[in-house]
Amino acid sequence: MFFASRRQRRAMQATIDLHESLQIGDRVHTTSGLQATVTGITDDTVDLEISPGVVTTWMKLAIRDRIEPEAPEVEETHAVELTADPERLPKD
């Protein structure tokens with residue numbers, strides 16, 4: 001029982017930390033599954049732009065998590081040295 005309450009307290013603290021760290025411009029998910037951009041923040045509410053020009057006001061408690069921007073994929077190039085080493089060539 002002690003571990004269950006400790007786990008729950010940790011989860012609650014993580015949610016509180018998320019709500020306190022929200023900034024304008026962050027992409028978020030709400031508890032209802034909506035994806036939006038934060039356009040304004042007060043003590044208890046956030047304004048979310050759900051579509052260009054459509055801003056709605058939500059309770060901070062409705063924010064489930066932040067959507068982290070995807071890092072662009074970096075293509076790895078593998079250089080292959082094509083020099084002929086006479087010692088490594090097959091002998092006839």
Side-chain angles (χ1 to χ4, degrees):
M1 186 161 139
F2 171 74
F3 293 112
S5 63
R6 186 174 174 195
R7 192 175 324 138
Q8 186 177 10
R9 269 186 279 152
R10 245 186 282 150
M12 284 182 5
Q13 187 61 46
T15 301
I16 290 168
D17 292 344
L18 168 69
H19 294 161
E20 290 176 352
S21 70
L22 287 176
Q23 297 178 354
I24 293 175
D26 285 347
R27 295 277 302 157
V28 295
H29 283 126
T30 66
T31 54
S32 61
L34 182 74
Q35 294 184 16
T37 303
V38 177
T39 59
I41 303 171
T42 66
D43 289 339
D44 297 328
T45 63
V46 290
D47 293 333
L48 301 178
E49 184 174 36
I50 57 176
S51 183
V54 180
V55 177
T56 57
T57 302
W58 294 67
M59 293 178 59
K60 273 189 180 178
L61 295 175
I63 304 301
R64 184 180 69 203
D65 60 7
R66 180 181 289 116
I67 302 171
E68 298 299 330
E70 293 182 18
E73 289 187 27
V74 178
E75 290 187 31
E76 293 184 26
T77 57
H78 299 283
V80 178
E81 190 174 328
L82 298 175
T83 59
D85 184 5
E87 294 178 7
R88 300 183 93 195
L89 292 176
K91 296 181 182 179
D92 292 332

Establish whether [X] and [Y] are linked, either directly or via other cluster members, by ILVMFWY side-chain heavy-atom contacts under 4.5 Å.
X: I50; Y: V55; answer: no
X: V54; Y: I63; answer: yes
X: I41; Y: L34; answer: yes

Rounded to the nearest 0.5 Å, what separation is found between the CZ atom of R10 and the OG1 atom of T15?
13.0 Å
CG/D17 to CG/L22 distance, rounded to the nearest 0.5 angstrom?
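These two atoms lie 11.0 Å from each other.
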Only counting residues at least two apart or in another chain, list the ones meeting side-chain hydrogen bond (donor to acceptor under 3.5 Å, both in side chains) with D44.
none
Determine yes or no for a side-chain-to-main-chain donor-acceptor pair under 3.5 angstrom, with T30 supplying the side chain and A62 the backbone.
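It does not hold such a pair.
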Any idea which heavy atoms bring R27 and T37 closest together, and the distance?
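Of all heavy-atom pairs spanning R27 and T37, the closest is NH1-OG1, 3.0 Å.
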Can you name the closest pair of heavy atoms from R66 and S21 and give their distance?
NH2-OG, 2.9 Å
Member of T42, T57, T39 meeting the side chain to side chain donor-acceptor pair (under 3.5 Å) criterion with D47:
T57
What I'd like to find out is whether the side chain of L48 reaches to under 4.5 Å of the side chain of V38, using heavy atoms alone.
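A side-chain contact under 4.5 Å exists here.
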Check whether any side-chain heavy atom of L61 sits under 4.5 Å from a side-chain heavy atom of H19, and report yes or no.
yes
